[in-house]
Asker: 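Before anything else, here's the structure in question.
A, B, ... follow the sequence lines: proteins, then strands. Residue 1 opens every chain. From a predicted model like this one, the values you see are computed outputs, not experimental measurements.
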Amino acid sequence: MEHLTLVDGNSVMFRAYYATAYPGAVLMQTSQGVYTNAVFAFVNMMDKILEQTNGHILVAFDTAHPTKRHEKYQEYKAGRAAMPEELAQQIPLVKKYLDKAGIKQHEQIGYEADDIIGTLAKEASQNNIKVDVYSSDRDLLQLVDQNITVHLLKKGMKELDHYTPESLYEKYELTHHQMIDLKALMGDPSDNIPGIPGVGEKTAIKLLKEYETIENLYVHQDEIKGKMGEKIRENKELAYLSKDLVTINVESPLPFSYLETEKIKIETSDLIDFFKELELKQLVVRMANQNQNTLFKDEEKSDKKTDKSFSYDLILNDEKLNDIIFNHQEPMSIHFEFSEPNYHKAELWGIGLSNGENTYFIDPSIALNNQTFLNYLKNKEIEKYTFDYKAIKVFLMWHKKAIHTISFDMLLAAYLIKSSIGKEDFTTITSLFSSIDISYEEQIYGKGAKKGLPENKELYYEHIAKKASVIYKLKDDLLETLKDQNQLELLQKVEIPLSEVLASMEFSGLLVDNKELLNQKEVLEKRINVLEESIYKEAGETFNISSPKQLGDILFEKLNLSQGKKTKTGYSTNVEVLEKLKDEHPIIPYIMEYRQLAKLYSTYIIGISQSIFSDNKVHTIFNQALTTTGRLSSIEPNLQNIPIRTEEGRKIRKIFVAEKNHYLLGADYSQIELRVLADIANVKHLKESFLNNEDIHKSTAQKVFHVTDVTSEQRRQAKAVNFGIIYGIGAWSLAEDIHVSPKEAQMFIDRYLEIYPEIKQYMQDTVEFATENGYVKTLMNRRRYIPEINSKVFMQKEFGKRNAMNAPIQGSAADIIKVAMVDLFKYLEENDKKSKIILQVHDELILEVPEEELEEMKELVPAIMKKAVKLTVSLETSCDVGKNWYELK
DNA sequence: GCGATCAGCGCG
DNA sequence: GTGCGTGCTGATCGC
């Protein structure tokens with residue numbers, strides 16, 4: 001043995017936690033709500049440290065028990081803020097990780113991690129063994145010697161500072177022996193070590209350079225003049241006590257020696273299983289890859305990877321497929337595996353089929369040309385179960401094939417049970433509802449540019465087949481849960497039928513006017529070029545205007561404009577900051593215009609061009625199982641954020657047009673969220689206003705400001721409050737929004753809640769419900785879990801409250817329009833109408849309508865939307881038609 | 001050359 | 001510390 005690594009476990013864990021728990025951060029959690037951010041960062045840190053070791057390593061921890069230091073000084077570490085609950089929960093997990101990784105760990109009652117590390121380090125050093133210590137606690141610098149290097153983690157954990165006797169002297173001009181005295185003189189507020197009052201780092205270093213040690217300082221105490229001298233003489237006791245407290249005990253009675261620190265050989269699969277449990281996908285994949293490399297030597301072990309308890313049959317030809325389908329004219333689960341998430345253009349990699357007892361992998365090129373199989377898919381009498389039905393449906397539509405009668409979709413069911421699964425994959429969702437072990441996609445197919453079918457075909461045959469079997473196996477459990485939670489109707493009457501609607505919308509697509517697109521592209525290019533020139537001229541040099549960093553340098557260093565707030569990485573240059581600088585320099589208006597046009601150009605003109613298919617249409621994908629509130633989202637391209645608020649941006653809408661002899665028809669709910677609020681909170685005055693068809697912001701302003709004639713400014717402010725209320729408002733941010741002082745903003749809110757007292761009551765009740773049950777629900781029993789609401793971290797808890805207040809409102813509005821879509825689609829289908837729903841933008845629907853159906857649809861669409869759900873307030877809708885999207889005002 | 005992250009900004 | 005839910009872009013940085 002020639003090298004030893006010692007890690008201050010508590011200190012590294014703290015850093016690991018706070019590196020990922022900066023204010024406003026959403027902490028990493030498993031789908032069950034177990035916090036894992038600190039474990040993840042800790043493991044990453046340990047991986048880096050392990051690369052530097054050759055086998056001997058120990059991680060030391062503090063215990064909760066008092067130490068010798070507490071006996072000597074009751075106030076030791078007093079006043080230290082309690083460890084956040086989110087971190088405390090992860091300590092046992094980190095310890096478990098160390099066990100699984102074969103890394104020795106130690107904690108000892110009466111001693112701190114420092115003492116354990118100090119004792120082992122000195123012991124090893126005396127035997128001429130090189131020691132590396134890792135911590136973020138500067139106290140450990142006193143251990144530095146010829147053999148011991150101390151590595152201090154800096155903020156964010158990306159960098160380490162290394163301290164040897166030489167570098168220590170360079171930085172402090174003190175020897176490592178003097179580090180104890182330095183700390184003793186300065187004190188340390190975080191450990192509540194007093195030090196000498198009035199002595200900080202500067203003075204302490206000066207004193208130690210002159211007198212070397214505290215002991216010698218007091219031999220010469222009378223030589224020191226002035227106030228400083230007095231203080232030093234007065235606080236002799238404190239200085240010695242402090243020195244005693246900060247001195248690491250390098251002779252702690254440990255039950256083992258530095259020699260017994262060898263890393264134990266481990267079963268990698270155990271560690272992988274542990275990471276899987278915690279859903280730390282990155283770590284699972286990393287370990288699996290490392291493992292693969294070592295497995296080449298060991299063939300036996302690689303057999304262990306294939307699951308013995310799972311078996312499936314391969315179907316690679318028509319005869320066998322005919323046979324199988326003939327024998328299984330019964331409900332089965334079907335899984336289509338695609339080469340990429342965009343199923344409009346994806347290849348089909350394989351099909352899984354299962355009836356619970358038998359599971360099959362079907363060659364995709366066989367399946368799509370086999371009439372028996374295709375007949376099975378479109379047989380309306382036989383139920384099928386899927387995971388992401390819409391993907392299969394749309395894929396088959398592109399191939400002119402049909403599929404019918406889906407009675408269960410695992411993705412939608414899981415989403416209704418727990419809407420936070422939105423961003424998770426099949427594997428994670430599976431592990432949330434069962435203990436079935438199934439590989440991550442990345443393990444099978446790789447990731448990013450390297451994604452593809454593995455050479456070992458059985459690997460993906462099994463994977464795809466297994467997915468089908470999982471769908472079948474989990475079906476009854478999930479349906480049972482939905483039934484218990486009163487959500488069966490939401491699945492069967494809303495979400496699954498909605499899948500059909502969305503599939504049709506996506507497949508229909510939205511036609512693009514190429515001439516208009518090109519025209520706008522050229523106009524924008526010219527204007528952007530002119531603006532660039534003006535900006536360079538004003539700045540006196542060329543630079544990248546799109547780089548906030550470079551722009552910040554120009555504005556705040558070169559032109560010396562008054563800077564507003566800062567971001568994590570530098571000056572903020574966002575629109576709010578620019579707005580304030582508008583009159584300070586002529587360059588600012590140019591930059592603001594440049595920003596606007598550059599956004600339109602890159603995101604909408606160029607971005608959308610890239611998503612146009614060969615039919616000259618864009619085919620978006622609506623994600624039906626993503627948002628935590630129940631809304632849809634739209635990607636590739638996102639058609640839910642096409643500009644409208646400025647005239648400049650709104651022109652983009654001209655590029656989206658109706659097909660020949662068709663019109664676009666847009667119908668939107670007016671104030672749907674406020675109406676939902678009025679209904680579920682039973683807000684008397686709000687309901688009356690809606691009943692009387694009043695301008696809701698105006699009537700709010702009349703009541704808040706006690707006036708009959710409302711100024712436009714008053715209406716604007718009332719509108720901001722109305723919106724704010726829906727989001728779970730705070731006075732501070734409302735103040736920002738409507739440019740008044742926080743105090744005035746608070747007055748507005750108070751007045752508002754006096755006028756609509758039921759809202760206040762509703763908000764209280766909702767937060768209370770969420771605190772007790774851990775979730776909130778919508779009109780149609782959609783749930784959103786809000787674990788943060790019971791957090792001890794203030795910010796997290798407040799965030800939870802706002803979510804609790806907002807989710808039922810936003811979610812109920814989402815429920816309503818979903819029902820309307822299903823109703824409308826059904827009507828169009830049953831009555832053989834040619835009109836098609838093509839877009840949904842949260843509170844509006846857009847249809848493509850043939851000329852001959854136009855008058856009918858103008859009546860019908862709003863009518864169906866209005867009566868989708870019966871509330872105690874009416875739902876009002878407006879309706880417009882035009883040849884392109886721009887004309888729908 | 002790729003992936004992750006940040007700042008910024010578009011929508012309801 | 002400070003109003004909800006989204007997706008996409010270009011710049012930047014680390015590997």
Asker: Grab the CE-P distance between A:Met763 and C:dG3 for me, whole Å please.
Answerer: 14 Å
Asker: Between A:Lys582 and A:Glu579, is there a salt bridge with N-O shorter than 4.0 Å?
Answerer: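 Looking at A:Glu579 and A:Lys582, the cut-off is met.
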Asker: Rounding to an integer number of angstrom, what distance separates C:dG1 and B:dC9 when you compare their C1' atoms?
Answerer: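 That atom pair is separated by 23 Å.
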Asker: Select base, sugar-phosphate, or nothing to describe what A:Glu736 touches, counting heavy atoms under 4.0 Å on all strands.
Answerer: nothing
Asker: Ignoring backbone atoms, test whether A:Ser733 places a side-chain nitrogen or oxygen under 4.0 Å from the OP1 or OP2 oxygen of C:dG3.
Answerer: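 Answer is yes, contact under 4.0 Å.
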Asker: So that I can tick it off, tell me whether A:Glu647 and A:Lys651 are bridged by a salt bridge, with the cut-off set at under 4.0 angstrom between side-chain N and carboxylate O.
Answerer: yes
Asker: Once you round it to whole Å, what is the distance between P of B:dA4 and CE of A:Met28?
Answerer: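 Atom CE in A:Met28 sits about 13 Å away from atom P in B:dA4.
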Asker: Is DNA chain B part of any stem, that is, at least 3 consecutive Watson-Crick or G-U pairs with both distances under 3.5 Å, and where?
Answerer: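 Stems (3+ consecutive pairs) listed as B:1-9 with C:7-15.
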Asker: Please answer whether the main-chain N or O of A:Arg715 pairs with a side-chain N or O of A:His697 as donor and acceptor at a distance below 3.5 Å.
Answerer: no
Asker: Check the distance between C:dT2's C1' and A:Met805's CE and give it to me in whole angstrom.
Answerer: 12 Å
Asker: Across the strands shown, which category fits A:Ile635 at heavy-atom distances under 4.0 angstrom: base, sugar-phosphate, nothing?
Answerer: sugar-phosphate
Asker: Taking only side-chain nitrogens and oxygens of A:Asn803, does any of them come within less than 4.0 Å of OP1 or OP2 of C:dG5?
Answerer: yes
Asker: Heavy-atom nearest nucleotide on DNA chain C for A:Ser547 versus A:Lys423: which residue maps closer to 5'?
Answerer: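 Upstream on the strand: A:Lys423.
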Asker: Using a 4.0 Å heavy-atom cut-off across all strands, classify A:Leu626 as base, sugar-phosphate, or nothing.
Answerer: sugar-phosphate
Asker: Report the distance from atom CD1 of A:Ile606 to atom C1' of C:dG7, rounded to the nearest whole Å.
Answerer: 18 Å
Asker: For A:Ser812 and A:Leu779, indicate whether the former's side chain and the latter's backbone hold a donor-acceptor pair under 3.5 Å.
Answerer: yes
Asker: Figure out the OH/C1' separation between A:Tyr594 and C:dT9, and round it to whole Å.
Answerer: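 So the OH-C1' distance, A:Tyr594 to C:dT9, works out to 12 Å.
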Asker: Mind calculating the distance between NZ (A:Lys447) and P (C:dC15) to the nearest angstrom?
Answerer: 15 Å
Asker: Between A:Glu340 and A:Lys451, does any NZ, NE, NH1 or NH2 come within less than 4.0 Å of an OD or OE carboxylate oxygen?
Answerer: no
Asker: Report, as a single string ordered 5' to 3', how protein heavy atoms within less than 4.0 Å touch nucleotides 7-12 of chain B: B base, S sugar-phosphate only, - not at all.
Answerer: SBBBBB
Asker: Should A:Lys447 and A:Glu441 count as an ion pair when the cut-off is N to O under 4.0 Å?
Answerer: no
Asker: Indicate, with a heavy-atom threshold strictly under 4.0 Å, whether A:Gly724 touches base, sugar-phosphate, or nothing.
Answerer: base
Asker: Is there a side-chain contact between A:Thr628 and the phosphate of C:dT6, meaning an N or O under 4.0 Å from OP1 or OP2?
Answerer: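 Yes, because at least one side-chain N or O of A:Thr628 sits under 4.0 Å from OP1 or OP2 of C:dT6.
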Asker: With P as the reference atom in both, quote the distance from B:dC6 to C:dT2 in angstrom, rounded to an integer.
Answerer: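 To the nearest whole Å, 16 Å.
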Asker: Send over the distance from A:Gln624 CD to C:dG5 C1', rounded to a whole Å.
Answerer: 17 Å
Asker: Does the A:Lys818 side chain pair with the main chain of A:Gly630, one donor and one acceptor, at a distance under 3.5 Å?
Answerer: yes
Asker: Are OP1 or OP2 of C:dG3 and a side-chain N or O of A:Arg802 less than 4.0 angstrom apart?
Answerer: no
Asker: Students often get this wrong, so: under 4.0 angstrom with heavy atoms, is A:Asp737 touching a base, only sugar-phosphate, or nothing?
Answerer: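 Base contact - A:Asp737 has a heavy atom under 4.0 Å of at least one base atom.
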Asker: Is A:Glu516 paired with A:Arg653 through a side-chain N to carboxylate O contact shorter than 4.0 Å?
Answerer: no
Asker: Please tell me if the side chains of A:Ile652 and A:Trp885 come closer than 4.5 Å, counting only heavy atoms from C-beta onward.
Answerer: no
Asker: For A:Ala720, report the nucleic acid contact type (base, sugar-phosphate, nothing); a contact means any heavy atom under 4.0 Å.
Answerer: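 A:Ala720: base contact, heavy atoms under 4.0 Å.
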Asker: Within the structure shown, what part of the strands sits under 4.0 Å from A:Arg650 by heavy-atom distance: base, sugar-phosphate, or nothing?
Answerer: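 If one applies the 4.0 Å heavy-atom cut-off, A:Arg650 turns out to touch nothing in the nucleic acid.
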Asker: Could you check how far CD1 of A:Ile729 sits from C1' of C:dT2, rounded to whole Å?
Answerer: 11 Å
Asker: Under 3.5 Å, which donor-acceptor pairs do the side chains of residues 547-556 of chain A form with other protein atoms, sequence neighbours left out?
Answerer:
unit_1	atom_1	unit_2	atom_2	d
A:Ser547	OG	A:Lys549	N	3.4
A:Ser547	OG	A:Gln550	N	3.0
A:Gln550	OE1	A:Asn544	N	2.9

Asker: Do the side-chain N or O atoms of A:Gln550 get closer than 4.0 angstrom to the phosphate oxygens (OP1, OP2) of C:dT12?
Answerer: yes
Asker: Does A:Lys792 count as lying over the ring of A:Phe794, i.e. NZ or CZ under 6.0 Å from the six-ring centre, within 45 degrees of the axis?
Answerer: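 No, A:Lys792 does not sit over the ring of A:Phe794.
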